[in-house]
Engineer: 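Please read through the structure below; I'll follow up with questions.
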Amino acid sequence: MDFSIPEELILLKRTAKRFVDEECRPYEEEVEKSDVIPAEILDKLTKKSIEIGLWALKSPEEYGGGGVGMLGLVLVSEEFGKTSPVFCRFLTRGGDAY
């Protein structure tokens, strides 16, 4: 049995890591103080996540979602879990509550 992670999910995980490192981490201290992402930052993060394919990961592709399965969600969640819990909640905003 092959337990390797498919290449497209490895790329998705890298994309999530880059997003967390470049887009979320600069705001970590600010959101930790209030436990909320300010609206202007939330808008920026939402637009960027849609642009790079990290929005609505569980939703079917034909409806504009990522269409990834549970393994893809786990890999993305792992990267978001390395930052503030506020950003983990951001991930679920895209209709991907799990």
Side-chain angles (χ1 to χ4, degrees):
M1 199 175 259
D2 181 15
F3 291 106
S4 60
I5 297 172
E7 184 65 28
E8 66 270 11
L9 293 183
I10 291 170
L11 295 174
L12 179 65
K13 180 178 170 61
R14 286 183 189 149
T15 299
K17 178 179 178 12
R18 198 168 35 255
F19 181 81
V20 166
D21 290 345
E22 296 174 6
E23 305 295 332
C24 297
R25 286 208 195 280
Y27 302 111
E28 226 171 11
E29 190 174 314
E30 182 177 348
V31 301
E32 279 292 307
K33 289 178 185 174
S34 63
D35 199 36
V36 68
I37 303 172
E40 65 277 358
I41 296 170
L42 182 61
D43 288 344
K44 177 185 176 215
L45 294 177
T46 299
K47 288 175 186 169
K48 182 69 173 187
S49 68
I50 291 169
E51 181 183 305
I52 64 174
L54 289 178
W55 192 254
L57 291 174
K58 227 169 44 173
S59 298
E61 290 180 77
E62 60 265 23
Y63 298 114
V68 304
M70 190 54 71
L71 179 56
L73 288 175
V74 168
L75 294 171
V76 170
S77 297
E78 178 182 19
E79 294 304 324
F80 274 82
K82 295 175 183 176
T83 187
S84 169
V86 179
F87 293 115
C88 293
R89 289 194 308 265
F90 167 78
L91 179 63
T92 66
R93 282 188 75 235
D96 290 328
Y98 49 94

Engineer: Working to the nearest 0.5 angstrom, can you tell me the gap between F90 CZ and T83 OG1?
Structural biologist: 11.5 Å

Engineer: Taking atom NZ of K47 as the centre, report whether more than 12 heavy atoms of other residues, nucleotides or ligands fall under 6.0 Å from it.
Structural biologist: no

Engineer: Taking the side chain as every heavy atom from C-beta outward, state whether E29 and S84 have any atom pair closer than 4.5 Å.
Structural biologist: no

Engineer: If you measure from CD1 on I52 to CD on E23, what distance do you get to the nearest 0.5 Å?
Structural biologist: 7.0 Å

Engineer: Looking at every heavy atom in both I10 and I5, which two are closest together, and how far apart are they?
Structural biologist: CD1-O, 3.5 Å

Engineer: Using 0.5 Å steps for rounding, measure from the CG atom of L75 to the CE atom of M70.
Structural biologist: 11.5 Å

Engineer: State, to 0.1 Å, how close F80 and C24 come at their nearest heavy-atom pair, and which atoms those are.
Structural biologist: CE2-SG, 4.4 Å

Engineer: Go through the steps for K44 and I37 under the test side-chain contact (heavy atoms from CB on, under 4.5 Å), then give the verdict.
Structural biologist: CA-CA 11 Å; K44 177 185 176 215; I37 303 172; over 6 Å; no

Engineer: Which atoms form the tightest heavy-atom contact between G66 and E61, and what is the distance?
Structural biologist: O-CG, 3.6 Å

Engineer: Please determine whether residues L71 and L57 belong to a single hydrophobic cluster, defined as Ile, Leu, Val, Met, Phe, Trp and Tyr linked transitively by side-chain heavy-atom distances below 4.5 Å.
Structural biologist: yes

Engineer: With a 4.5 Å heavy-atom cut-off, do K17 and V20 have their side chains touching?
Structural biologist: no

Engineer: Output the distance between atom NZ (K82) and atom CD (E28), rounded to the nearest 0.5 Å.
Structural biologist: 12.5 Å

Engineer: Hey, could you give me the OG1/CG distance between T15 and L9, rounded to the nearest 0.5 Å?
Structural biologist: 11.0 Å

Engineer: Within the 4.5 Å heavy-atom criterion, are L12 and V76 side-chain neighbours or not?
Structural biologist: yes

Engineer: Quick check on the hydrophobic clustering: are V86 and V36 connected, directly or via other members, by side-chain heavy-atom contacts under 4.5 Å?
Structural biologist: no

Engineer: Passes side-chain contact (heavy atoms from CB on, under 4.5 Å), D21 versus R18? Steps please.
Structural biologist: CA-CA 5 Å; D21 290 345; R18 198 168 35 255; 5.8 Å; no

Engineer: Are L73 and L11 joined in one hydrophobic group, where the rule is that I, L, V, M, F, W and Y side chains link up if heavy atoms are under 4.5 Å apart?
Structural biologist: no

Engineer: Can you name the nearest heavy-atom pair linking P38 to V31, along with the distance?
Structural biologist: CD-CG1, 4.0 Å

